[in-house]
Amino acid sequence: MMEEEELEFVEELEAVLQLTPEVQLAIEQVFPSQDPLDRADFNAVEYINTLFPTEQSLANIDEVVNKIRLKIRRLDDNIRTVVRGQTNVGQDGRQVKEITRDIKQLDHAKRHLTTSITTLNHLHMLAGGVDSLEAMTRRRQYGEVANLLQGVMNVLEHFHKYMGIPQIRQLSERVKVAQTELGQQILADFEEAFPSQGTKRPGGPSNVLRDACLVANILDPRIKQEIIKKFIKQHLSEYLVLFQENQDVAWLDKIDRRYAWIKRQLVDYEEKYGRMFPREWYMTERIAVEFCHITRTELAKIMRTRAKEIEVKLLLFAIQRTTNFEGFLAKRFSGCTLTDGTLKKLDSPSPSTNPFLEDESTPEMEELALEKGDLDQPKKPKVPDNPFHGIVSKCFEPHLYVYIESQDKNLGELIDRFVTDFKAQGPPKPNMDEGGAVLPSCADLFVYYKKCMVQCSQLSTGEPMIALTTIFQKYLREYAWKILSGNLPKTTSSSGGLTISSLLKEKEGSEVAKFTLEELCLICSILSTAEYCLATTQQLEEKLKEKVDVSLTERINLTGEMDTFSTVISSGIQLLVQDLDAACDPALTAMSKMPWQNVEHVGDQSPYVTSVILHIKQNVPIIRDNLASTRKYFTQFCIKFANSFIPKFITHLFKCKPISMVGAEQLLLDTHSLKVVLLDLPSIGSQVVRKAPASYTKIVVKGMTRAEMILKVVMAPHEPLEVFVDNYIKLLTDYNTETFQKILDMKGLKRNEQSSMLELFRQRLPTPPSGPEGSGSLSLLAPTPEQESSRIRKLEKLIKKRL
């Protein structure tokens, strides 16, 4: 027990004294030792076994214990000495601080003395510099003044905290006076060299003025700005005279001469004065920018005066030449002098990834992409914005209504040409390989839209773009009305019904649909065109929003135009459905007028079924092939036809009365044949068999199954009455008394029999479900299998056998 306690104590002690490997390695390097007690992996049990390897060695255990106790005492003495040494070090530190206090005082004195000597030297330099500055200013030695003035300004900064001293303040005021005199003197020198009025300026630059510009860099920035302003004004004074409003060259048709003049002036400036002004003044760019501001103002003024003379060709010519000049400025200058924000505020083109702005050197590729409806092709890297864009051409924006009116007129003529061409050329020729193709006129329309957008976006991204968008909307609607809706074939109101005898005697294929093959192809072509226009109009709206100013994006909305094209699509689908539906009407009418009570045996499908299938096989493949590029609209056609034909078939089914048992079997066989054909409708007549869409299959199965259930109820014996009523409720789940009445009429029951059955039907109707009890009420009405009619089973076997 004691040994276990000792082992636990040793383990706890080892856990407390466990050191990291890094610390242990550092200790071994500082205090190397061979003593086993100093090892990191010291094991007390092994150490004791080493001291006492045998039982005989236990005889000197007292001696070993005494040695270990001596070691412990020495270790304690060493620890005590180290701790006391640390205490003495703290006392010695206080003594050192007292000794170094005097040294610190000497250091402070030295630092103050050095500062005083430096300040006196600066004061001497300042006094001498001010005297020299005043003398050099009088002698116009601007080259020496530029260097000296900067040094005086730097020295004067050291004396800001000594301005309370009168002598220092006096020197500072002399420096300010010298700066003021320098500025006035330099301005006077420039006025003398470049007089704003009177004689022309000298032929060449002056070295004195060149040095004066270096001084102006150091003086108040207003001096530099005044020099620049006066020089540019004098340099452009000739321009204002040559291109006055009353001069012939001032009008837009000679706008090239303005830009040619400034190009010559910039070359002349570079040759004569390029070295006189410092490069960081960007004088060439400043001259060009001021020319642009003057030109914009002058052009705006003259265009307001002669607004009635502005024609669209003249306006576009002037804008093109102006934008070319702005592009020239962007290539020549960086635009760094425009950082004041005035131009950016004037015209800040919004970032755009609009493919309508792609490289115009390949218009054929752009038109091809547009014809394919691929407005979202990969974008080219965005070209950096032109900082000079709009610096002159902004003046044309108030007059862009001329351009917008011109585009309105051009688009109106384009639409009229489309209408004329369609009437002259007629509908597209039916082609089973390329039927239903998009009308070429719509691609032409959007290509023209694209060119207008590119052109207008180069002119302005503000209100003119909104006006152009309004024009786009107008002619999208006109295209939808005049070209698409206006050319849809018209339906006739005549029913064209057939007699029973004529239907039964007609040969297969003798009846034709209302619409010819050409008309069906035209409807599909218009539908495809409307679908293309719908998708492209949506993309057009996105591109317009990207191109226009951000503040105007909310005003661009082409939803109404997209709805117009959607209406055209719906009208086209509805026409196709009505055509096939109307073609099937005579057959359904014949079905309802056949003497079903006289049918004696069940044969092949009835002639009316053959007629319906014939019409389906005639129309559906044509429609499917012509709508191959717009598969979803063919699916919509199938769904709408099923939703129209099946209820109409059931309505005519109720008109078949009275029906004998054999007649009902024949009708059930016919119904099943129609169900199979309708399920196969999307791929009928196609070499490629596709699975019909689930949404369509669900509609057909639900509708035709109801027709089959109606006939099964008619075939069921009406006695006993309870079984018949329960069978009706189970098969049809229709609680409408009128439907039940129609079933009884089909069976040919007499009125007195019908009244008792109607009374029983009302009694057997389940109560409306009001909870868990109501939900299971219908299941109680289900008849047992033994109550099923044997004739129904036989008929099902017959149908399976025939299939």
Side-chain angles (χ1 to χ4, degrees), residues 498 500 503-511 513 577 580-596 598-621 624 638-639 641-657 659-686 689 691-692 696-715 731 746 791-803:
L498 300 176
I500 302 173
L503 179 61
L504 295 178
K505 293 179 182 179
E506 70 174 357
K507 295 182 180 180
E508 186 175 357
S510 62
E511 186 185 357
V577 171
L580 183 56
D581 209 17
C584 297
D585 276 348
L588 296 180
T589 303
M591 177 193 77
S592 63
K593 293 182 179 181
M594 286 181 64
W596 292 104
N598 298 331
V599 178
E600 297 179 354
H601 61 274
V602 178
D604 292 334
Q605 63 187 25
S606 302
Y608 76 88
V609 177
T610 304
S611 177
V612 170
I613 295 175
L614 176 63
H615 290 303
I616 290 176
K617 288 184 177 180
Q618 285 177 345
N619 282 28
V620 173
R624 181 184 58 244
C638 294
I639 291 175
F641 174 72
N643 281 327
S644 174
F645 175 79
I646 294 175
K648 187 179 292 187
F649 173 75
I650 293 175
T651 300
H652 282 78
L653 198 62
F654 281 130
K655 295 179 181 180
C656 298
K657 54 186 178 180
I659 303 176
S660 66
M661 190 66 66
V662 178
E665 291 177 357
Q666 181 64 50
L667 275 173
L668 186 59
L669 177 62
D670 294 342
T671 301
H672 189 80
S673 299
L674 285 174
K675 180 180 179 181
V676 171
V677 172
L678 289 175
L679 286 174
D680 190 44
L681 181 72
S683 59
I684 193 168
S686 174
V689 180
K691 186 178 180 181
Y696 170 77
T697 303
K698 183 178 179 181
I699 292 171
V700 173
V701 170
K702 182 179 179 181
M704 296 305 291
T705 301
R706 174 175 170 78
E708 292 174 340
M709 293 300 104
I710 290 173
L711 292 172
K712 287 184 179 182
V713 172
V714 172
M715 292 168 56
L731 293 178
M746 292 174 69
R791 295 178 66 85
I792 296 178
R793 296 175 185 171
K794 292 178 182 178
L795 182 61
E796 291 175 348
K797 291 180 181 179
L798 177 63
I799 293 172
K800 292 179 181 178
K801 182 178 179 181
R802 289 183 177 278
L803 292 175

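All residue numbers in this chain count up from 1 along the given sequence.
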Enumerate the residue pairs fulfilling salt bridge (Lys or Arg N to Asp or Glu O under 4.0 Å) with a member in residues 606-616, sequence neighbours excluded, ordered by first and then second residue.
-> none
Identify the two heavy atoms, one from Lys617 and one from Ile684, that lie closest to each other, and give their separation to 0.1 Å.
-> CG-CD1, 3.6 Å
May I ask you to check whether over 12 heavy atoms, not counting those of Lys648, lie within 6.0 Å of atom NZ?
-> yes
State, to 0.1 Å, how close Ser683 and Arg624 come at their nearest heavy-atom pair, and which atoms those are.
-> C-NH1, 3.6 Å
Which is it for Leu580 and Val620 under the side-chain contact (heavy atoms from CB on, under 4.5 Å) test, yes or no, and what are the steps along the way?
-> CA-CA 9 Å; Leu580 183 56; Val620 173; 4.0 Å; yes
Residues which pass side-chain hydrogen bond (donor to acceptor under 3.5 Å, both in side chains) with Thr697, listed by chain and number, not counting sequence neighbours | none
Nearest heavy-atom pair of Thr671 and Met704: which atoms, and what distance?
-> O-CE, 3.4 Å
Partners of Lys702 by side-chain hydrogen bond (donor to acceptor under 3.5 Å, both in side chains), sequence neighbours excluded?
-> none
Residues Met715 and Leu668: closest non-hydrogen pair is SD-CD2, 4.0 Å
Hey, is the main chain of Ile639 close enough, under 3.5 Å, to the side chain of Asn643 for a donor-acceptor pair?
-> yes
Work out which heavy atom in Leu653 is nearest to a heavy atom in Ala707; give both atom names and the distance.
-> CD2-O, 3.9 Å
Rounded distance (nearest 0.5 Å) linking atom CD1 of Ile616 with atom CZ of Phe645 | 6.0 Å
Here the gap from Lys655 atom NZ to His652 atom NE2, rounded to the nearest 0.5 Å, amounts to 4.5 Å
Drop me the distance from Cys656's SG to Met591's CE, to the nearest 0.5 angstrom.
-> 4.0 Å
Starting at CG of Asn619, measure out to CG of Leu614 and round the result to the nearest 0.5 Å.
-> 9.5 Å
For the side chain of Tyr608 and the backbone of Thr589, is there at least one donor-acceptor N/O pair under 3.5 Å apart?
-> no
When rounded to the nearest 0.5 Å, the distance separating CG of Leu674 from CG of Leu681 is 11.5 Å
Looking only at non-hydrogen atoms, find the nearest pair between His601 and Gln666 and report the distance.
-> O-OE1, 4.1 Å
For the atom pair CZ (Arg706) and CZ (Phe649), what is the distance rounded to the nearest 0.5 Å?
-> 12.5 Å
Any donor and acceptor pair, going by atom type alone, linking the side chain of Ser660 with main-chain N or O of Gly663 inside 3.5 Å?
-> yes
